[in-house]
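Read the structure below first, then the notes.
Sequence lines set the chain letters: A, B, ... in the order given, protein chains first and strands last, and positions in each chain run from 1. Note that the coordinates shown come from a computational prediction; the quantities given were computed from them, not determined experimentally.
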Amino acid sequence: MKNLSRNPDIVWRVEKRREAEIIKALDAGEDVSDKGSVILIVSGMMHQLNLVGGRIWTLCDGQRSLDDLVEALSGEFEVERGELTGDVEAFVDDLLKRGWLKYA
Amino acid sequence: MPDAVTELFSAPLTFNWTLSFRCNFSCSHCYSRDESVDELATADILRIVDILVEKQVLFINFGGGEPLIRDDLFEIADYAVGKGLNVSMNSNGWLIDAAVAKRLRASGFHSVGISIDSAEPARHDDFRNRPGSFDRAVAALEHLRKAGVRTTMSSVISRINYCNFRDLLDLARDRRVAQVYLHNFKCSGRGFKNRQDLDLSAEEWKAFYLEALQVKQQTGDLLISFDDPVISSLPGYDEKSLVNGSSCGKLSLHMRPNGDITPCGFIPLVIGNILRDDFETLWYDSPILQKMRNKEASGKCVECGAFEKCLGGCTARAFAVYGDFNQPDPHCWK
């Protein structure tokens, strides 16, 4: 299976302090799906990715396939495997269409 | 104390970095031409780059003064790019010949902006107080393009060009510039002294922006950017930012040649020094930054429905004219 890599023209960073706060909230049972922890600058426009999206983005380093992403995330988030696979596929598909990710 | 900005951002995305106030030009609107401070040695500047990398700053944009006045600009850029920073600069173009353009390319500059204030050579030269500066600026764009450097054009909108800004866009197209910044006029430094001659009235600003936003919507072959929060309530304004109002002190900070940090180049209030002070303490706790990030409506802003988006407009202009961040932007037409 092909590996996924980020568009090198996109400038980004993980907001580590923010990420730690979100993980704390998640552990407390809060809905954190709309809280961004990764900032992307795409053609001068700013975007945020939430915790799961940010983790997927971070893992797309050209060394991992989609299956590798699901495997890595399954150890981090308590989600049923089939649901996780579907969510990751949909997210990656969206970013591929935007040109933010590509197959290495 | 966390606020809406620091809750999300652990550092600015961009540092606008004045390496030197020295310049080979003497422009009528310059915010810094009359400034003078000790400049840092190269080793200290490289140490600052390390700090910025550690704090995850993404972009540095060298301004001035003229960045190329410093002999070590390429060494600094080489180092910063090597550390992963996205480096750009603004220049008057005078010192950029073919060899310098190639060196800028080799240093990894992401883009180089050239200041051109009028498409009429004589008018640009007069504004810049330097005969031949228009030709040199246009030549610089050509040298940079040939060297493979992405070029931008910066034009400060003022009384000399607001009626003819389309000519500036045509010039940019002709020179295959990627992006044009139509900067709002700031009444700082000489800009404040020459405000009566250069600044537009609030109504003139409104008319300019309405037309310019329309032109932007109709333009597909050239990126046109504005950096003026006062326009956020106008039809045609569709930029989405993660912060409202001025981005200064929120998404960006400015650094003076001695390492002093100010919210932006046009607000002469030092919040601390990057080499002497703990950066996180400055970023999170500076009373000046906190005031800028938590502006309170005053005067006509109190009853204005646009305040939530524009947050009183340009904080630098309000401070320059009224000495108070919370006063309405003097360019506001409402």
Side-chain angles (χ1 to χ4, degrees), chain A residues 4-63 91 94-95 97-102 104, chain B residues 1-15 52-61 80-81 83-88 108 110-111 113 150 152 178-182 216 220 222-227 237-244 247 250-252 279-281 283-285:
Chain A
L4 286 153
S5 63
R6 298 178 289 267
N7 180 336
D9 292 333
I10 296 176
V11 181
W12 61 283
R13 77 179 181 200
V14 178
E15 293 292 347
K16 290 174 185 164
R17 188 186 283 231
R18 169 89 164 170
E19 188 181 63
E21 291 293 321
I22 293 172
I23 290 171
K24 199 190 292 182
L26 181 67
D27 290 344
E30 293 177 33
D31 177 11
V32 296
S33 57
D34 64 346
K35 292 184 186 299
S37 61
V38 171
I39 305 288
L40 308 183
I41 316 293
V42 187
S43 303
M45 298 292 288
M46 255 185 301
H47 302 266
Q48 294 182 76
L49 299 177
N50 68 13
L51 188 63
V52 180
R55 286 296 297 140
I56 293 171
W57 176 261
T58 308
L59 290 166
C60 289
D61 56 1
Q63 306 297 313
F91 183 76
D94 180 33
L95 266 51
K97 282 182 186 150
R98 291 169 184 256
W100 297 5
L101 289 178
K102 62 177 181 178
Chain B
M1 186 175 77
D3 52 42
V5 171
T6 56
E7 198 178 301
L8 179 56
F9 298 106
S10 55
L13 301 174
T14 301
F15 248 98
L52 300 184
V53 170
E54 187 203 331
K55 300 305 171 193
Q56 290 190 287
V57 170
L58 298 174
F59 303 91
I60 52 175
N61 181 55
V81 171
K83 293 276 182 176
L85 281 162
N86 197 298
V87 178
S88 59
H110 179 258
S111 68
R150 181 179 186 271
T152 65
Q179 188 166 13
V180 175
Y181 291 93
L182 299 179
K216 180 180 174 171
L222 182 67
L223 291 171
I224 303 171
S225 297
F226 309 101
D227 58 355
Y237 181 82
D238 57 359
E239 290 188 25
K240 293 180 180 65
S241 174
L242 297 182
V243 300
N244 288 337
S247 59
K250 302 170 187 171
L251 304 179
S252 63
F279 182 77
E280 291 200 356
T281 303
W283 176 250
Y284 286 101
D285 299 333

key: Main-chain N/O of A/K102 paired to A/R6 side chain as donor or acceptor, under 3.5 Å   = no
Those residues of residues 31-39 of chain A that come under 4.5 Å of chain B on a heavy-atom basis, listed by number, are A/G36, A/I39
B/K250 side chain to B/V5 main-chain N or O, any donor-acceptor pair under 3.5 Å?
no
Ranking A/M45, A/E21, A/Q48 by heavy-atom pairs under 4.5 Å to chain B gives rank one to A/Q48
Okay, B/V57 and chain A: the region with an atom under 4.5 Å from a heavy atom over there is backbone
Check: Under the side chain to side chain contact (heavy atoms under 4.5 Å, CB included) criterion, do B/S252 and B/S247 qualify, and how do the steps go?
Finding: CA-CA 6 Å; B/S252 63; B/S247 59; 4.3 Å; yes
Can you tell whether the side chains of A/E15 and A/R13 come within less than 4.0 Å, N to carboxylate O?
yes
Close aromatic pair by centroid cut-off 6.0 Å: A/H47 and A/W100: yes
Is the shortest distance from a Lys or Arg side-chain nitrogen in B/K55 or B/E280 to a carboxylate oxygen in the other one below 4.0 Å?
yes
**Message:** Given 3.5 Å as the limit, does a donor-acceptor pair link the side chain of B/W283 with the main chain of B/F9, or not?
**Reply:** yes
When the 4.5 angstrom heavy-atom criterion is applied to B/L223 and chain A, the contacting part is neither
